[in-house]
Q: 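Following this message is one structure expressed as C-alpha cells.
Because only heavy atoms are used, hydrogens play no part in the values below, and waters and symmetry mates are left out as well, while side chains stay in.
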Amino acid sequence: MQRTVVWLFSICLLVTAKSLVAAETSDAAFFETKVRPLLIAKCQECHAGDKAKAGLRLDSREAVLAGGESGTAAIAGKPDESLLIEVIGYRNALQMPPKAKLPDAEIAVLTEWVRRGIPWPNSKSTVAAPAAKMAATDFTEEQKSFWAFQKVRRDLPPPVKNEAWIRSPIDQYILADLEAQGLTPAREADRRTLIRRVTLDLTGLPPTPDEVADFTSETAVDALERLIDRLLASPRYGERWARHWLDVARYADSNGLDENLAYATAFRFRDYVVKAFREDKPYDRFLIEQIAGDLLPAESTQQGLNPSAEAFDGLIATGFLCLGAKMLAEDDPVKMQMDIIDEQVDTVARAVMGLTMGCARCHDHKFDPITAEDYYGLAGIFKSTQTMDTFTVVARWHERPLATTQQLQQRDERQQLASTQKQVVEQLKADATEAILSEARRHPGAYLLAATREFQLAEQLKGAKPRGNEPNLRELVGVILIEAEDYARGNVLKERSNYGKDIGVLVNRGEAPNFTEYDLDLEKATTY
C-alpha cells in the first residue's frame with residue numbers, strides 16, 4: 001500500500017512540472033504575440049531609451065517594476081493596484097496614451113499581462129544601477145599649494161648683496177631675482193623719462209608739457225613721492241585701473257546672448273569700482289561688498305531723507321552678481337536658474353582665485369583641489385540670492401531701489417496722495433460734464449433750430465459761384481467777394497508777382513499757426 005502512495009505522489013509531481021512548463025510556454029507566447037507588439041506600437045515611442053518621458057521605461061520587466069517619476073508602473077499579479085492599468089483605462093487624472101484611449105481589447109491584453117505576473121522572457125535590465133558613492137578625491141600637496149589657497153602672511157624681504165641700491169622693501173625682491181640671475185639693475189632714469197613712465201603707468205595718459213617742466217625743475221627730495229600722491233588722487237587713476245577689475249567682473253552695458261537687453265543701471269556698478277580704486281578701498285571690503293553688500297549692516301549715513309553718496313555702495317556693489325550673460329528666453333526655468341548660479345560661481349572663482357570652478361558642476365577637478373561638493377556648497381549660497389524677478393520667458397533681473405526706508409515711505413505717501421487727487425479731478429470732470437449735459441437736455445428745440453439754420457446755409461452755399469474775371473458774370477445776391485491776400489491782419493506773406501497776372505498767393509512766413517483776419521462792411525443783417 002505504501003508503494004502505491006509513493007507512485008501516485010510521483011505522478012503528481014510529474015504532472016505539476018509539466019503544467020509549469022506549459023504555463024511558462026504559454027506566458028512567453030502571450031507576451032511575444034500580444035504584449036510586445038502592443039508596447040512597441042503604442043508605448044515605447046515615448047517610454048524607452050535614455051530620454052524616456054517622466055523617467056518611465058517600458059522596454060524591460062525590471063524597468064516596468066522600477067517605474068518612473070510617479071512610482072512603480074505595475075505590481076505583478078495585481079492589475080487593480082497597478083498604475084499602468086489605471087492610466088490606460090483613463091481611471092486616473094493621468095491618461096495614456098494622451099491623444100486617444102486604447103481599444104478595450106488592447107487594455108484587456110495589458111491587464112491580463114499584469115495579472116500573469118508581467119512575464120517578459122529573457123528580459124535584461126535597462127534601468128541604470130545606482131551609482132556607487134565616489135571615494136573622496138585625494139589632492140596632492142602640490143595641488144594644495146596653489147597661491148589662492150594660502151593664508152595671507154607677511155614675509156621678510158630676501159637678503160641682497162647690493163644693499164645700497166635698496167630704497168624700499170619691494171626693491172629687495174626685485175634685486176634678489178636679478179642677483180640670482182647674475183644681472184645688475186639698469187641705470188636710474190632721468191626725470192623726464194621718470195615722470196612719463198609714472199604718469200602713463202598710473203593714469204594711462206602721458207604728462208602734459210607743463211607737468212614735465214615742473215617736475216624736471218623740481219629740486220625737493222620728495223618730488224617723486226608728491227608726484228605719485230597727486231597721480232593716485234587723480235580721477236584718471238581710478239578709471240585706468242578699474243578697467244582691469246571690470247574686465248574680470250565681465251562688465252557690460254547689456255545682457256548679451258539671446259535677448260541682449262540693456263542693463264540701464266550698470267553704470268552705477270562701473271562708477272562704484274572706479275571710486276573704490278580712486279579712494280583705495282581695502283581689498284577685503286571691496287570683495288565683501290560685491291558678494292554680500294546687501295547683507296552688510298546699514299550705515300548711519302543711510303538714514304534720513306538725504307543719505308550720503310557712499311550710503312548705498314554695498315547695494316550697488318552686488319551688481320557684480322547680476323552682471324553676466326543670461327539666456328532670458330530659456331524655456332526651462334530650473335535650467336535657467338542653475339546656469340545663472342553656475343556663471344556666478346565660476347566668475348567668483350576666476351576673479352578671486354584665478355582658476356575655473358565650472359567643471360566641478362559635474363565632477364571633482366582633476367588638477368585643482370576643488371570637489372563637486374565644494375561647488376554645490378557655494379552654489380547653494382547663490383541659489384538663495386535673488387538675481388532674477390522671474391525665470392519665465394522673457395526673464396527679468398531683480399533691481400532694488402537706492403533709497404532709505406524713510407524715502408520709500410515718503411514716495412509711497414506722495415503716490416497715494418497723487419492717486420487721491422487724481423480721483424478728485426476725475427470726479428470734478430464727471431460732475432462738470434454731467435452739468436453741461438443736464439443743461440443741454442433742457443433745450444432740444446433750440447439745438448434743432450440751430451441745426452436747421454446750419455443745414456439751410458449749407459444748401460445755400462452749394463449754389464455759390466466764383467466771380468472770376470468775366471465782366472458779364474451775374475452779380476450774386478448775398479455774396480461779398482474778397483481776395484484772400486487782401487487781409488486786414490495776419491502772419492503770412494503776400495506774393496503777387498511770381499504766379500501770373502492778377503494772381504496773388506499767401507506764403508507761410510515760418511510762424512505757426514498761420515492766420516489771416518478780414519474786416520467786412522455789411523449793408524444789412526442777413527446771410528452772406
Q: First locate atom CZ of Phe382, then atom CG of Asp342, and finally report the distance between them rounded to the nearest 0.5 Å.
A: 11.0 Å
Q: Hey, is Glu106 close enough to Lys101 for a salt bridge, meaning N to O under 4.0 Å?
A: no
Q: Where is the tightest heavy-atom contact between Lys42 and Pro97, given as atom of each residue plus distance?
A: O-CG, 4.5 Å
Q: Using the salt bridge (charged side-chain N to carboxylate O under 4.0 Å, His left out) rule, collect all pairs that involve residues 233-252, keeping only residues at least two apart or in two chains.
A: Arg236-Glu239, Arg250-Glu343
Q: Given side chains that start at C-beta, do those of Phe320 and Val348 come closer than 4.5 Å, heavy atoms only?
A: yes
Q: Can a donor-acceptor pair be found, under 3.5 Å and without considering hydrogens, that links the side chain of Glu330 to the backbone of Asp332?
A: yes
Q: Rounded to the nearest 0.5 Å, how far does OG of Ser70 lie from CG of Leu84?
A: 12.0 Å
Q: Would you confirm whether Gln407, through its side chain, and Thr404, through its main-chain N or O, come within 3.5 Å as a donor-acceptor pair?
A: yes
Q: Please test Lys275 against Asp313 for salt bridge (Lys or Arg N to Asp or Glu O under 4.0 Å), starting from the C-alpha separation and ending with a verdict.
A: CA-CA 10 Å; Lys275 186 175 69 170; Asp313 275 0; 3.2 Å; yes
Q: I want to check something: taking the side chain as every heavy atom from C-beta on, are Phe269 and Leu246 in contact at a cut-off of under 4.5 Å?
A: yes
Q: Once you round to the nearest 0.5 Å, how far does OG1 of Thr111 lie from CD1 of Ile88?
A: 5.0 Å
Q: Does some side-chain heavy atom of Gln337 sit less than 4.5 Å from a side-chain heavy atom of Lys383?
A: yes
Q: Using the rule given for side chain to side chain donor-acceptor pair (under 3.5 Å), can you reason through Ser438 versus Glu434, listing the C-alpha separation, both sets of side-chain angles and the distance that settles it, and then say yes or no?
A: CA-CA 6 Å; Ser438 297; Glu434 182 58 32; 3.3 Å; yes
Q: What are the two closest non-hydrogen atoms of Leu39 and Leu58, and how far apart are they?
A: CD1-O, 4.2 Å
Q: Can you tell me how the ring of Tyr272 sits relative to the ring of Phe286, calling it parallel under 30°, perpendicular over 60° and tilted otherwise?
A: parallel
Q: Would you indicate whether Glu373, at its atom CD, is surrounded by more than 12 heavy atoms from other residues, nucleotides or ligands within a distance under 6.0 Å?
A: no
Q: Stepwise, does the side-chain contact (heavy atoms from CB on, under 4.5 Å) test hold for Leu261 with Leu328?
A: CA-CA 9 Å; Leu261 301 180; Leu328 301 179; 3.8 Å; yes
Q: Go through Asn260 and Ser254 one step at a time and tell me if the side chain to side chain donor-acceptor pair (under 3.5 Å) criterion holds.
A: CA-CA 6 Å; Asn260 196 30; Ser254 66; 2.8 Å; yes
Q: For Lys53, does its backbone N or O pair with a side-chain atom of His47 as donor and acceptor, under 3.5 Å?
A: yes
Q: Can Ile340 and Phe391 be said to form a side-chain contact (heavy atoms from CB on, under 4.5 Å), step by step?
A: CA-CA 10 Å; Ile340 291 172; Phe391 293 99; 4.2 Å; yes
Q: Is there a donor in the side chain of Asp431 and an acceptor in the side chain of Gln427, or the other way round, less than 3.5 Å apart?
A: yes
Q: Going by atom type alone, with no hydrogens or angles, which donor-acceptor pairs under 3.5 Å involve a side-chain atom of residues 445-456 and a protein atom two or more places apart or on another chain?
A:
unit_1 : atom_1 : unit_2 : atom_2 : d
Thr452 : OG1    : Leu448 : O      : 2.8

Q: Check the pair Glu259, Arg396 against salt bridge (Lys or Arg N to Asp or Glu O under 4.0 Å), reporting the backbone distance first and the verdict last.
A: CA-CA 11 Å; Glu259 298 299 317; Arg396 187 73 188 185; over 6 Å; no
Q: Please report the C-alpha distance between Val109 and Trp113 in whole Å, then the side-chain angles of each, then the deciding distance to 0.1 Å, and finally whether the side-chain contact (heavy atoms from CB on, under 4.5 Å) criterion is met.
A: CA-CA 6 Å; Val109 167; Trp113 177 55; 5.5 Å; no
Q: Quick one, Leu287 with Val352, criterion side-chain contact (heavy atoms from CB on, under 4.5 Å). Give me CA distance, side-chain angles, the key distance, then yes/no.
A: CA-CA 8 Å; Leu287 290 183; Val352 178; 4.1 Å; yes
Q: Return yes if some donor-acceptor pair links the side-chain N/O of Glu211 with the main-chain N/O of Thr208 below 3.5 Å, else return no.
A: yes
Q: I'd like to know if Arg496 pairs up with Asp486 as an ion pair, taking the criterion as any Lys NZ or Arg NE/NH1/NH2 lying under 4.0 Å from an Asp or Glu carboxylate oxygen.
A: yes
Q: Given 3.5 Å as the limit, does a donor-acceptor pair link the side chain of Asp294 with the main chain of Leu315, or not?
A: no
Q: Nearest 0.5 Å, what's the CD1-OH distance between Ile482 and Tyr487?
A: 14.0 Å
Q: Drop me the distance from Arg91's CZ to Ile107's CD1, to the nearest 0.5 angstrom.
A: 8.5 Å
Q: For Arg441, I'd like to know if atom CZ has over 12 heavy atoms of other residues, nucleotides or ligands within 6.0 Å.
A: yes
Q: Under the 3.5 angstrom rule, does the side chain of Thr318 hit a backbone N or O of Gly293 as a donor-acceptor pair?
A: no
Q: Salt bridge between Glu289 and Arg285, side-chain N to carboxylate O under 4.0 Å?
A: yes
Q: Below 4.5 Å, heavy atoms only, C-beta onward: do Leu83 and Thr72 meet side chain to side chain?
A: no
Q: Just wondering, more than 12 heavy atoms not from Lys494 lying within 6.0 Å of its NZ?
A: yes
Q: Do Glu439 and Arg442 come within less than 4.5 Å of each other through their side chains, counting heavy atoms only?
A: yes
Q: Using atom types as modelled and distance alone, determine if a side-chain donor or acceptor of Asn255 lies under 3.5 Å from a backbone N or O of Lys326.
A: yes
Q: So which heavy atom on Asp59 is nearest to which on Gln44, and how close?
A: CA-NE2, 3.8 Å
Q: With the side chain counted from C-beta on, respond yes when Leu355 and Ile370 share a heavy-atom pair under 4.5 Å apart, and no when they do not.
A: yes
Q: Count the heavy atoms of every other residue, nucleotide or ligand shown that sit under 6.0 Å from CD of Glu112, and state whether that count exceeds 12.
A: yes
Q: Could you measure the distance from the CZ atom of Arg115 to the CG atom of Asp80? Nearest 0.5 Å is fine.
A: 11.5 Å
Q: Using the test salt bridge (Lys or Arg N to Asp or Glu O under 4.0 Å), find all partners of Asp519 that sit at least two apart in sequence or belong to another chain.
A: Arg489
Q: Under a plain distance cut-off of 3.5 Å, with no hydrogens placed, do Asp374 and Tyr376 share a side-chain donor-acceptor pair?
A: no
Q: Please examine the side chains of Val273 and Tyr251, heavy atoms only from C-beta on, and report whether any two atoms are closer than 4.5 Å.
A: no
Q: Judged by atom type as modelled, is there a donor-acceptor pair below 3.5 Å linking the side chain of Asn514 to the main-chain atoms of Asn508?
A: no
Q: Is it the case that the side chains of Asn498 and Glu495 hold a donor-acceptor pair, with the cut-off being a distance below 3.5 Å and no angle test?
A: yes
Q: Quick one: does any side-chain atom of Ser82 pair with a main-chain N or O of Ile85 as donor and acceptor, under 3.5 Å?
A: no
Q: Is the distance between the ring centroids of Tyr263 and Trp397 under 6.0 Å?
A: yes
Q: How far apart are the closest heavy atoms of Asp368 and Thr356, and which atoms are they?
A: OD2-O, 4.5 Å
Q: Please give me the minimum heavy-atom distance between His398 and Asp389, naming the atom from each residue.
A: ND1-OD1, 2.6 Å
Q: Over all heavy atoms of both residues, which pair between Glu483 and Tyr518 is shortest? Give the atoms and the distance, please.
A: O-CE2, 3.9 Å
Q: Any luck finding a side-chain donor-acceptor pair between Gln344 and Thr387 under 3.5 Å?
A: yes
Q: Angle between ring planes, Trp245 versus Tyr283, binned at 30° and 60°: parallel, tilted or perpendicular?
A: perpendicular
Q: Does a side-chain heavy-atom distance below 4.5 Å link Asp280 with Leu232?
A: no
